[in-house]
A.B. asks: 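Got a structure here, written out as structure tokens. Questions coming.
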Amino acid sequence: MSLDSAEFHVAVYDLVRLIPVAKVTSYGHIAKLAGMPNHSRHVGQALKFLPPNPNPPIPWHRVIGASGTISSRGPGTDGAQRQRDALEAEGVEVTAGRTGELRIDLGRYGWFPSVDEVRALQGG
DNA sequence: ACAATGACGCAGC
DNA sequence: GGCTGCGCCATTG
């Protein structure tokens, strides 16, 4: 299956919407579910260009790195901090390391379903 | 066409 | 767990 960049964005949005409350998954896993395992970077690219008021909403904050850490996004930005607040508001524990990295326990909050499970959730 | 970039991932140390 | 190097690929300069 090959996806246009626009279709890829839409596929990413649909997958992100499936993430349960108080659960997190990784960019790479979303890419895998979208059928493009090597496009983990582009998942982040897609989330960077979220539509203004999506309906239903897109819980972008439930997508973190595969190592369980929230991506920095640059020193001058507050995106990572906003993501932390949104997660804690759902009851997800976020621990801050000494180097400033925001880590989440994937064993407790990780959500990594197989492609088949996701297809079932989507109605297939 | 070429070089640099980025909300990434994995193997090695 | 942290740091480094390499692979990945659409986008941007």
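Both backbone and side-chain heavy atoms feed into the values below; hydrogens, waters and symmetry mates do not. Numbers restart at 1 for each chain; the letters A, B, ... are given by sequence-line order, proteins then strands.
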A.B. asks: Roughly, in whole Å, what's the span from CG in L50(A) to P in dA7(B)?
C.D. replies: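 Spelled out: CG on L50(A) to P on dA7(B) is 13 Å.
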A.B. asks: Tell me: CZ of F49(A) to P of dG6(B), nearest whole Å?
C.D. replies: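 Spelled out: CZ on F49(A) to P on dG6(B) is 12 Å.
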A.B. asks: Charged N to carboxylate O below 4.0 Å: is that the case for D14(A) and R17(A)?
C.D. replies: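 Yes.
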A.B. asks: Between protein and nucleotides 8-13 of chain B, map the contacts as a letter string: B base, S sugar-phosphate only, - none, heavy atoms under 4.0 Å, written 5' to 3'.
C.D. replies: BSS---
A.B. asks: Taking CZ from F8(A) and P from dC9(C), how many angstroms apart are they, rounded to a whole number?
C.D. replies: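 After rounding, the reported distance stands at 12 Å.
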A.B. asks: For I30(A) and dC8(C), give me the distance from atom CD1 to atom P, rounded to whole Å.
C.D. replies: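 Computing the I30(A):CD1 to dC8(C):P distance gives 22 Å.
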A.B. asks: What is the minimum heavy-atom distance between P37(A) and K32(A), and which atoms define it?
C.D. replies: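 Answer, listing the atom of P37(A) first, then K32(A): CB-CG, 3.8 Å.
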A.B. asks: Determine whether R62(A) and E90(A) satisfy the following criterion, salt bridge (charged side-chain N to carboxylate O under 4.0 Å, His left out), listing intermediate values before the conclusion.
C.D. replies: CA-CA 10 Å; R62(A) 293 179 198 149; E90(A) 298 185 341; 2.6 Å; yes
A.B. asks: Could you check whether the rings of F8(A) and H42(A) sit parallel, tilted or perpendicular, using 30° and 60° as the cut-offs?
C.D. replies: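 Taking H42(A) first and then F8(A), their aromatic rings stand perpendicular (interplane angle over 60°).
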A.B. asks: Pick one: which of V63(A), I70(A), L87(A) meets side chain to side chain contact (heavy atoms under 4.5 Å, CB included) with V24(A)?
C.D. replies: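 The option that passes is L87(A).
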A.B. asks: Output the residues of residues 79-109 of chain A in contact with DNA chain C, where contact means a heavy atom of the residue under 4.0 Å from an atom of the strand; sort by number or write none.
C.D. replies: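 E101(A), R103(A) - these, ordered by number, are the residues of the stretch whose heavy atoms sit under 4.0 Å from the strand.
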A.B. asks: Is I19(A) reachable from L121(A) through a run of I, L, V, M, F, W or Y residues, each pair having side-chain heavy atoms under 4.5 Å apart?
C.D. replies: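 Yes, L121(A) connects to I19(A) through the hydrophobic network.
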A.B. asks: Give the cluster check for F112(A) versus V43(A): same hydrophobic cluster or not, with ILVMFWY residues linked at side-chain heavy-atom distances below 4.5 Å.
C.D. replies: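 Different clusters.
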A.B. asks: Which atom names give the shortest non-hydrogen contact between A96(A) and L102(A), and what distance separates them?
C.D. replies: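 Looking at all heavy atoms of both residues, the closest pair is CB-CD2, 3.9 Å.
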